[in-house]
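To start, the structure itself, in structure tokens.
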Amino acid sequence: MLIVMKADATPQQLDSVCAMVRTLGLTPHPIPGPTRVAIGVTGNTQPVDAEPIRGLAGVMEVIRVTQPYKLTSREMKPDDTVIRVGEVEIGGGVPFVIAGPCSVESREQMSKTAAALREQGAAMLRGGAYKPRSSPYSFQGLGEEGLTILREVRAATHLPVVTEAVGTEVFDAVEETADIVQIGSRNMANFPLLKRAGQSRRPVLLKRLMSATLEEFLLAAEYIMSEGNRQVMLCERGIRTFSDHSRYTLDINIVPELKRRSHLPVLVDPSHAAGRRDSVIPLARAALAAGADGIMVEVHPDPDRALSDGAQSLTIPMFAELMAEIEIMRPVLARAAGRKA
Ligand code: PEP
Ligand code: MN
């Protein structure tokens with residue numbers, strides 16, 4: 001349920017409506033808008049009788065939200081969510097790029113990569129200190145040492161850092177370092193981790209599980225939002241299909257559908273979908289053309305020697321080519337989205 005307050009409703013009236021919602025055993029989530037405040041209501045397992053709320057002072061209308069996901073839905077919040085991280089606006093209409101290696105491997109690797117990425121115009125640096133690997137025998141990440149390296153590189157380059165929390169036990173450490181905490185694909189259905197991310201003050205980049213439907217993806221985001229964290233971005237990274245020519249299949253289709261159904265920023269990771277570097281630039285173009293707010297790509301200064309995902313990592317010159325192409329696409333993308341370049 002969504003309660004829309006009148007434009008001239010007072011803070012006291014807002015408080016009384018929230019109090020009434022709590023009396024009904026439900027949870028109010030005030031959502032400030034450009035002209036009026038709305039209150040998202042969650043917690044009901046059955047339809048709620050809206051009459052006691054409709055009659056309260058300051059209430060303009062009460063709308064039933066038909067989707068199973070509530071706080072993530074556009075029904076609840078029609079305007080796009082914009083997440084600010086330093087000087088970067090995520091979802092603000094200007095496509096942006098998160099780039100970096102799959103894993104943090106060493107101080108030298110990260111400093112070299114970050115300096116090049118910054119020069120080419122990357123908005124943020126990615127790199128896993130904790131890695132969720134399919135095999136227990138694969139490189140698992142440098143852990144705390146990796147986080148230290150990320151902090152040092154951020155201090156030197158001023159690039160905000162995106163890094164993954166693979167479980168609740170490392171969340172505190174990751175959130176101390178990360179400007180954005182990543183929840184990896186395999187953890188999209190790790191509900192205790194989603195709840196922990198919901199209690200964080202950091203924005204969360206939630207990757208889609210390779211077998212998740214759109215509804216399951218948005219309900220995973222709902223877990224984070226229902227704990228109080230409104231700063232969630234969704235990332236499509238490829239789903240598992242019968243394709244035998246790529247690592248996963250990039251579900252470009254989900255991009256406009258997510259934008260229609262949710263107000264949250266939508267990112268695309270073409271690297272994990274492709275599994276091979278020569279497909280990453282074409283897929284990145286497609287993602288932006290389909291309306292993604294940004295892309296996340298893996299880049300490594302020496303991909304053939306990377307400790308993880310080298311085959312899909314762009315070289316630094318390839319990354320420069322990608323950035324040049326995005327620059328050329330910018331006016332067309334802006335026109336497609338109905339805004340000034
Ligand atoms: C990653 O971004 O490094 C990663 C492990 O991705 P995913 O969770 O999508 O497999
Ligand atoms: Mn990777």
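Both counts, for ligands and for their atoms, begin at 1 and track the order of listing. By convention here, the first residue in the shown sequence is residue 1.
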Atoms of ligand 1 less than 4.0 Å from [X] heavy atoms?
X      : answer
Lys131 : 1 (C), 3 (O), 5 (C)
Ser185 : 7 (P), 8 (O), 9 (O)
Gly184 : 8 (O)
Glu298 : 3 (O)

His272: its N/O/S atom lying closest to the Mn ion (ligand 2) (atom name):
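Of all N, O or S atoms belonging to His272, NE2 is the one nearest the Mn ion (ligand 2).
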Find, among atoms of Glu298 that are N, O or S, the one nearest to the Mn ion (ligand 2), and state its name.
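Sorting the N, O and S atoms of Glu298 by distance to the Mn ion (ligand 2) puts OE2 first.
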Side chains of Pro132 and Glu164: does their closest heavy-atom pair fall under 4.5 Å?
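Pro132 reaches Glu164 side chain to side chain.
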Judged by atom type as modelled, is there a donor-acceptor pair below 3.5 Å linking the side chain of Glu105 to the main-chain atoms of Leu307?
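Yes; at least one donor-acceptor contact below 3.5 Å.
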Can you check whether Ile224's main-chain N or O pairs, donor with acceptor, with Glu227's side chain at less than 3.5 Å?
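Looks like no, no N/O pair under 3.5 Å.
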For the atom pair CD (Gln67) and CD (Glu222), what is the distance rounded to the nearest 0.5 Å?
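It is 10.5 Å, given to the nearest 0.5 Å.
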Tyr223 and Leu71: same hydrophobic cluster, using ILVMFWY side-chain contacts below 4.5 Å?
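Yes, because Tyr223 and Leu71 connect within a single hydrophobic cluster, where side-chain heavy atoms sit under 4.5 Å apart.
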Any idea which protein heavy atom is nearest atom 9 (O) of ligand 1, and the distance to it?
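Nearest protein contact, heavy atoms only, for atom 9 (O) of ligand 1 is Arg237 NE, 2.7 Å.
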Who's the nearest protein heavy-atom neighbour of atom 4 (C) of ligand 1, and how far?
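Going atom by atom, the protein heavy atom closest to atom 4 (C) of ligand 1 ends up being His272 NE2, 3.4 Å.
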Only one of Asp179, Val161, Ile180 passes side-chain contact (heavy atoms from CB on, under 4.5 Å) with Met124; say which it is.
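It is Ile180, the one option of Asp179, Val161, Ile180 that forms the side-chain contact (heavy atoms from CB on, under 4.5 Å) with Met124.
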Please verify whether a non-hydrogen atom of Met210 lies at under 4.0 Å from ligand 1.
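No, that is not the case, since the closest heavy atom of the residue is not under 4.0 Å from the ligand.
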Is the closest heavy-atom distance from Arg208 to ligand 1 below 4.0 Å?
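Flag not set, Arg208 not near ligand 1.
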Using a 3.5 Å cut-off on N or O atoms only, is Lys207 in polar contact with ligand 1?
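In this structure, Lys207 places an N or O atom under 3.5 Å from an N or O of ligand 1.
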Taking the Mn ion (ligand 2) as the vertex, what is the angle from OD2 of Asp309 to SG of Cys102, given to 10 degrees?
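About 100°, to the nearest ten degrees.
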Tell me, please, whether Tyr248 has Arg237 positioned over its six-membered ring: NZ or CZ under 6.0 Å from the ring centre and within 45 degrees of its axis?
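That pair qualifies as a cation-pi contact.
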Testing the 3.5 Å rule here: is there a donor-acceptor pair between the side chains of Ser262 and Thr72?
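No pair is found: no donor N or O on one side chain lies under 3.5 Å from an acceptor on the other.
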